[in-house]
Number of protein chains: 2
Amino acid sequence: MSEKRRQRLPRQVREQQIIDAAVRVFSQRGYHAAVVDEISELAGISKPMVYLYLGSKEGLFVACVRREGERLVTAFREAAVTGGTPEERLWAGLTAFFRFVTEHRDSWVVLHRQAAELGEPITAELALMRRSVSAEVAALLRDGIALRADSGLGDHDAEFATHALVGAADALTDWLAQHPGETPESVTLRMMNMIWVGMRDVLNGNTWTPPATTDGPPGRASAPDDEAG
Amino acid sequence: MSEKRRQRLPRQVREQQIIDAAVRVFSQRGYHAAVVDEISELAGISKPMVYLYLGSKEGLFVACVRREGERLVTAFREAAVTGGTPEERLWAGLTAFFRFVTEHRDSWVVLHRQAAELGEPITAELALMRRSVSAEVAALLRDGIALRADSGLGDHDAEFATHALVGAADALTDWLAQHPGETPESVTLRMMNMIWVGMRDVLNGNTWTPPATTDGPPGRASAPDDEAG
DNA sequence: CAGTAGACTTACCGAAGAGTAAGATTACGG
DNA sequence: CCGTAATCTTACTCTTCGGTAAGTCTACTG
């Protein structure tokens, strides 16, 4: 047994290894079911090291969220800053997002399915990340709206669309994972068709109108639904 | 102190009271952070009663999910079965959904933010509920698509749209909660405008095309983005 | 080759909380 | 008014797990 002693590594390196392990375990088990002993073991280290470096289980989780969140935001932002119309940039950002969650499933799970539960500091960190992405998207939508000053839409509408968009993208990560034939690009294309095309119509004044609240027949207003373009 | 003794009630009634209390506590604290003692106290009863009637903490949670889930599905279905076009029925169902989550916040939180974590029996129950709602929506979208046999779209597309729609609705419950000016109807109207209008366009062959992958200028295809309607 | 700082471990503590044993209390049919 | 079945409680047990005390070991510096 030559390697009874584990190699000593500088703190900076060990910390990352611990976070690596934590992301995997948290992702697989969830925050509460995850046990610190398992994380330390997977990191090839003993438990007190985790507490020495990360302070507490909560601190460890926050570190995971922060690191993975930054990676995700960076991926989105770097794709979406390339010049072009808001439309093109949204396309690029969404594609990058779907690619990220495909390639880093664990990271995404940690950032994702852990909203309720979890004490204040953790939810704060998660909310921060979410807001960060949403802010990017919202800016793009605002730009898109601003190109048509006559649309009558405003920041409130952009904010609504952002939530819908982010929520849809969120849910579609599962769909993507379960359909091997689909790619980040194909999913993004579908989304753009569903949502952006609709928005463009609305910007053009081509809106949907609810049926008469009493009973009457469909009350479609200015909807040229009749023939294909 | 006259009422030292608590009134005795038949099992059927107490069970519902226990579930009432559990929904509130689970909703507020989350599954793991919730403590059975608190639930029993809120139900005006001692802890062993909970175990006698519901078996375990997990069984208690499953009972909550089942009851509240059925309420939600019923609300949606009853609104959406009224005759009319798929469009109208989707409108009615979504409105009922948003109304439900507005009026039963606790129920929704229990059904919602508890995906990862939680052992197999619980996730199974949650998945069942979600699938139940999705199936309703998917049927409506398929009907909508079927009205245009020439669109080239199929069940796969309906399924995609369902996930996007459900995910968006999901995320918009938060948005609705934070904007007192909005109502279930107004949110539904916004959604229909964003998504259904877009889908209608796609059905008409008016699709969105991604920019050229290399670098070239925007490669919009058949997108009459030029002037307002 | 000290000596020190930082990496690392073993072995433990204590609290929290799920679940239960054992029985007390009350309603009610006969 | 008695038995019995159901409701309900007090007072535990037992495990799990976050966190720590008290060092040991090794690499590097002078």
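Letters A, B, ... are given to chains in the order of the sequence lines, protein chains preceding strands, and every chain is numbered from 1.
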If I take atom CD in residue E41(A) and atom P in nucleotide dT9(C), what distance separates them, rounded to the nearest angstrom? 12 Å
Give the rounded distance in Å between these two atoms: CG of L54(A) and P of dG19(D). 12 Å
Mark yes when over 12 heavy atoms from residues, nucleotides or ligands other than Q12(B) sit less than 6.0 Å from its CD; otherwise mark no. no
In whole angstroms, how far is the P atom of dA18(C) from the CZ atom of F26(B)? 9 Å
According to a strict under-4.0 Å criterion, is R14(A) in side-chain N/O contact with OP1 or OP2 of dG6(C)? no
From the candidates dA18(C), dC8(D), dT9(C), the one with an atom nearest any side-chain atom of K57(B) is dA18(C)
Do the side chain of K47(A) and the base of dG19(D) come within less than 3.5 angstrom through a donor-acceptor pair of N or O atoms? yes
Atom CE of M49(A) and atom P of dT24(D): how far apart are they, to the nearest Å? 17 Å
Among dT20(C), dC8(C), dA18(C), the nucleotide that comes nearest once only the side chain of P48(B) is considered: dT20(C)
Can you tell me how the ring of W175(B) sits relative to the ring of H156(A), calling it parallel under 30°, perpendicular over 60° and tilted otherwise? tilted
Using a strict cut-off of less than 4.0 Å between a Lys/Arg side-chain nitrogen and an Asp/Glu carboxylate oxygen, indicate whether R142(B) and E159(B) qualify as a salt bridge. no
Separation of atom CG in L60(A) from atom P in dG18(D), rounded to whole Å: 10 Å
Validate the cation-pi geometry between K57(B) and F26(B): distance from NZ or CZ to the six-membered ring centre under 6.0 Å, angle to the ring axis within 45°. no
To the nearest Å, how far apart are Y51(A) OH and dC12(C) P? 19 Å
Looking only at N and O atoms, is any donor in the side chain of R8(B) or the base of dT25(C) less than 3.5 Å from an acceptor on the other one? yes
Give, for atom CG of L111(B) and atom CD of E125(B), the distance between the pair rounded to the nearest 0.5 Å. 10.0 Å
Of D37(A) and Q12(B), whose nearest nucleotide on DNA chain D comes first from the 5' end? Q12(B)
note: H32(A), atom NE2; dC17(D), atom P; distance rounded to Å ~ 12 Å
Out of dA7(C), dA11(C), dC8(D), which nucleotide sits closest to the side chain of Y53(A)? dA7(C)
How long is the line joining CD of E58(B) and C1' of dG19(C), in whole Å? 14 Å
